[in-house]
Structure formats: C-alpha cells, structure tokens
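Numbering of residues begins at 1 and proceeds along the displayed sequence.
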Amino acid sequence: MDRILTRLGTARREGTPFGITSVCSAHPLVLRAAIRRAVRDGGPVLIEATCNQVNHLGGYTGMTPEDFIRSAERVATEEGLDRSQMIFGGDHLGPNPWRKERPEVAFEKAEAMVEAYVKAGFGKIHLDTSMGCAGEPTALDDRTIAERAAKLAQVSERTVKAVGGPLPLYILGTEVPVPGGADHALEELRPTAPEAARSTIAIHREIFSRAGLEDAFSRVIAFVVQPGVEFGSENVIGYRPELATELTALLDEEPQFVFEAHSTDYQTRDALTRLVQDGFPILKVGPGLTFALREAAYALDMIASEMVAGYGNRPLAAAMEALMLAAPGDWQAHYHGEETALRLQRHYSYSDRIRYYWNRPEADKAFERLLGALRGKTIPETLLHQYLPQFSAAEAGDPETILITAVDRVLADYQRACGTAP
C-alpha cells in the first residue's frame, strides 16, 4: 500500500495530482477518527509517529515504535480496516529529543531509534538531522545534515535487510519546520528559496552516493521545504501560491521528488487543495487534530457541568490546568506573557502543547469521568446549540462519537483537498 506514495510525483507530472493526509498523532481517538474515515472512503490511511511522541525509550506517550503500531492495529481491527490499508511513517527521526546532549550521545540514541522504527515496520522514514546538539550551532550546514542523514539511512538499510520486509521510502530535507509549530507570533513567512532547495538535493545525492547508498536514495520520494505555511501560538500563516511558484518549478527539474508540507494545521480547504496541486501532496497534520479534539472535549465539559448533578464546574479543564502547572516542562518554553496570557495559551493555543498531557493518568481519569457522566444521556438541543452549535441533535450521539466527529471534520477538509488517486 505504500506504493501509493511513489505515485505522487508521477501523478503531478501527468497533470492528475492527488495527495495523502499524514496523520501525526498518537491520541487514540484521533487515530480512531482517521481509521474510521479510511474505512468509509475505501482508501489508505497514513499514520505517523514523531520522535518525541514515540521512540525506543518510550517518548512522551510511553510507547515504543512497536507499541505504537500494535495500538493502531488494534483500533483498525475494531473498525474493520485491513492492515494492508495502513501506512506507518516515522517523523523527524534524528537527534531532536536529545539535542541538549553531546552530539555523539544524541546521535547514538537517534541510531537506536531509527533501528527500532524500521524493525517495528514503519515504511516511510523522515530523517531529520537539521538541529544542533550541545556545543553546536542551533542550525547546522547542509553538508553536515546530509552526512548525518546518510548515517541514519545506513542504519535503516542495514536493519531492514536483517529483519526482512519492504524497503523503506525516505523523506529528506534541511528546511524542516519546528515540530509542533513555532513558539512565537508570526507575521510573514517566505518559502524556501529554490536555489537552497536545489543545493540541498544535490548535496544529499552526492553524500548518499559516496556512502554507497544509491539504492536508498532512489527511494527518496520527497524533500521537506518551507512552502510558506506555519502556525504559532495565536496565529496562522496561510499558503500564498504566488510566493512558491519558483520553488515548485524545481520539481520539473527533479521528477523523482515531490515536496512534503509540514505544519499544514489550520490551513483552509482551498489552501490545502492548492498545496496538493502545486507539488506538496503529502500534507502533515497533528496539533490541528488534537486542537479540535480538545475544543469538543471542553465543550462537553461545560455541558456536563450544566446538566449532570454532582459533576462539578468544568473538572476536566481544572484537572488539565493543575497537571500543566505541576509539570510545566512541555509548555513553559513555548508560551510567553503575563499569567492570564499563559493560562489562555496552556488551554487554547494553536500550538496545542496540552496534547503532551492527555496520556497522563490524571488527565485520563478526568477524561473518563467526563465520558462516564454523559454516556446514556441525551443532550438537550438548546444546550448543544450553546456549546457545540456545529452539531445538530441528530449528530450528537454518545460523547465519544461527538469527539471523533469533531476530529473527522478536520480530516474531511484534508480528504477533499487530496482528492482520489487516479
């Protein structure tokens, strides 16, 4: 099924472009929404885990790559999706989780992580070695990045040949947006300069060839560049096709590749459609999905507070606030301002750093309390209109259905933008 990824460039050249949504989330309800949509549409689902979420040491979800795949497969079995319709990708695989450590230590862990991803069965591998580690510049030069990517590719190739299975497809590139979005307000964003992208491709081709990785490089399907889209804590930079014209023209010189678009969260359906048509057919989305999930969960928290005796005053939101204040490591460096501004960002930021906390026991307990309070109850139409006006009474079934539908509405825009593979 991952062969659909190798057809993206051909379809663009033939004038029949199509795309694929890359669901970058480990939240079980997000995965269920994506898998349920794949069943309904009869198409594949591309699910990606990031290096911070999932790695050989557990990541912030506590899952190894094998754990992640098994958990997604369980949902697929429950929803009736055949395993052949599932593509798994590893996102930002490199030293990013350990960049505060010495380069040799961070890179040793990155190699172990890549090995674990490939052994688990991830077939789409994004190698991201763009960040400096302790004692290094924040941003590294293209040649160093390419040399480190080649070393990780060697680990990947060696591993897949040892364990068997399909050879992986690769994503490379040096202009990689920060995982999870920018940590400051954005005013303007320029796409990658075409000469920079051209140089990046040439340097990677040269270094992979020198390392004897010609076959691996032949399986590079995309490079990550900046199309001019991003989101910060409180604003979104929308896609402007006219600014990316020279960059996308480079794909005519390099027919092997397409571009992979990171941080497409919160783009309009029209913008997503243009991205696919212009040469960015791999649309990655993560925080935008958990943002929609949190938005619906908080609305249900308000509804339960209004209609369920003894539930309390927004206990889910209160539990998440207490949890984030007690363990600020996953948001503190990303949010700025006085206390009211920080509180609002903790809960409502586009960066959605709250997603790092949903898997913790305290959050899970509060979440389950919310679902238990509303299961089997009919939400009055007028109360639904107050807090979830986008839902009709007919759509508002059990609370899990409401949450999954909220996520699916985001996925629907991506599906329409991607179209159907010819």
Side-chain angles (χ1 to χ4, degrees), residues 21 23-25 27-41 45 79 181 229 231 233-236 238-239 263-273 283 285-308 311 313-317 320 344-355 358 363 366-418:
T21 306
V23 177
C24 302
S25 179
H27 197 289
L29 286 177
V30 171
L31 296 183
R32 191 172 296 276
I35 289 168
R36 190 170 291 182
R37 171 159 284 276
V39 172
R40 185 166 63 251
D41 293 343
V45 60
E79 295 293 333
V229 303
F231 58 92
S233 184
E234 298 175 350
N235 70 324
V236 178
Y239 181 54
S263 300
T264 68
D265 310 70
Y266 314 110
Q267 295 292 312
T268 66
R269 186 192 304 173
D270 287 344
L272 295 170
T273 302
L283 301 176
V285 57
L289 300 174
T290 44
F291 183 94
L293 181 77
R294 190 272 316 150
E295 199 169 45
Y298 273 22
L300 291 174
D301 196 32
M302 295 285 286
I303 288 171
S305 297
E306 294 276 15
M307 66 176 283
V308 179
Y311 179 71
N313 181 27
R314 300 187 66 198
L316 175 64
M320 298 309 293
L344 291 174
Q345 289 172 82
R346 282 194 293 272
H347 296 273
Y348 307 111
S349 166
Y350 283 131
S351 298
D352 196 54
R353 304 296 297 183
I354 196 173
R355 73 187 186 277
W358 288 119
F367 202 84
E368 285 302 317
R369 182 171 176 235
L370 167 65
L371 299 181
L374 292 175
R375 284 191 187 106
K377 292 182 172 59
T378 299
I379 301 173
E381 185 174 325
T382 52
L383 193 57
L384 191 70
H385 187 72
Q386 176 66 40
Y387 295 111
L388 287 168
Q390 69 272 37
F391 283 81
S392 67
E395 292 175 307
D398 61 82
E400 289 95 336
T401 298
I402 290 175
L403 294 168
I404 290 170
T405 301
V407 175
D408 183 67
R409 287 181 170 173
V410 179
L411 291 172
D413 282 342
Y414 279 82
Q415 181 61 35
R416 292 189 182 97
C418 289

Is the side chain of [X] donor-acceptor paired with the backbone N or O of [Y] at a distance under 3.5 Å, no angle test?
X	Y	result
Ser349	Ser351	yes
Arg294	Arg355	no
Asp398	Arg375	no
Thr21	Val23	no

With rounding to the nearest 0.5 angstrom, report the [atom1] to [atom2] distance, [X] to [Y].
X	Y	atom1	atom2	answer
Thr273	Gln267	OG1	CD	11.0 Å
Thr405	Arg36	OG1	CZ	8.0 Å
Arg37	Leu411	CZ	CG	6.5 Å
Leu283	Asp413	CG	CG	11.5 Å
Leu272	Arg269	CG	CZ	9.5 Å
Met302	Arg314	CE	CZ	5.5 Å

TODO: Let me see the working for Ile402 and Ile379 under side-chain contact (heavy atoms from CB on, under 4.5 Å), right down to the final yes or no.
DONE: CA-CA 11 Å; Ile402 290 175; Ile379 301 173; 4.1 Å; yes
What pair of heavy atoms forms the shortest contact from [X] to [Y], and how long is it?
X	Y	result
Val410	Gly288	CG2-O, 4.3 Å
Val407	Ala33	CG1-CB, 3.7 Å
Gly286	Asp265	N-OD2, 2.8 Å
Val229	Gly238	CG1-C, 4.3 Å
Ala296	Leu388	CA-CD2, 4.3 Å
Glu381	Ala393	OE1-CB, 4.0 Å

Open item on the list: Could you check whether Phe231 and Tyr266 have their ring centres less than 6.0 Å apart?
Closed with: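 Between Tyr266 and Phe231, the centre distance is under 6.0 Å.
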Task: Results of ring-ring contact (aromatic ring centres under 6.0 Å, His included) for His385 - residues two or more places apart only - done: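 His385: no ring-ring contact (aromatic ring centres under 6.0 Å, His included) contacts found.
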Task: Validation row: Pro315, Ser305 side chains within 4.5 angstrom (heavy atoms) - done: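 Yes. Closest side-chain heavy atoms under 4.5 Å.
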Task: Pair Glu79 + Arg40, salt bridge at N-O below 4.0 Å - done: no
Open item on the list: Checking Glu395 now: which residues fulfil side-chain hydrogen bond (donor to acceptor under 3.5 Å, both in side chains) with it, not counting sequence neighbours?
Closed with: Ser392, Arg409
Task: Step-by-step side-chain contact (heavy atoms from CB on, under 4.5 Å) determination, Tyr350 to Val236 - done: CA-CA 8 Å; Tyr350 283 131; Val236 178; 4.0 Å; yes
- [ ] Ignoring hydrogens and angles, state whether a donor on the side chain of Asp270 or Tyr239 is under 3.5 Å from an acceptor on the partner side chain.
- [x]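 No, Tyr239 and Asp270 have no side-chain donor paired with an acceptor closer than 3.5 Å.
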TODO: Pick out which of Leu300, Asp408, Val30, Leu370 makes a side chain to side chain contact (heavy atoms under 4.5 Å, CB included) with Leu403.
DONE: Leu300
- [ ] Determine the interplanar angle of the Tyr298 and Trp358 rings, folded into 0 to 90°, and report it as parallel if under 30°, tilted if 30 to 60°, perpendicular if over 60°.
- [x]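 Perpendicular: the ring planes of Tyr298 and Trp358 meet at over 60°.
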- [ ] Decide side-chain contact (heavy atoms from CB on, under 4.5 Å) for His347 and Ile354; before the verdict, give the C-alpha distance in whole Å, the side-chain angles of both, and the deciding distance to 0.1 Å.
- [x] CA-CA 6 Å; His347 296 273; Ile354 196 173; 4.3 Å; yes
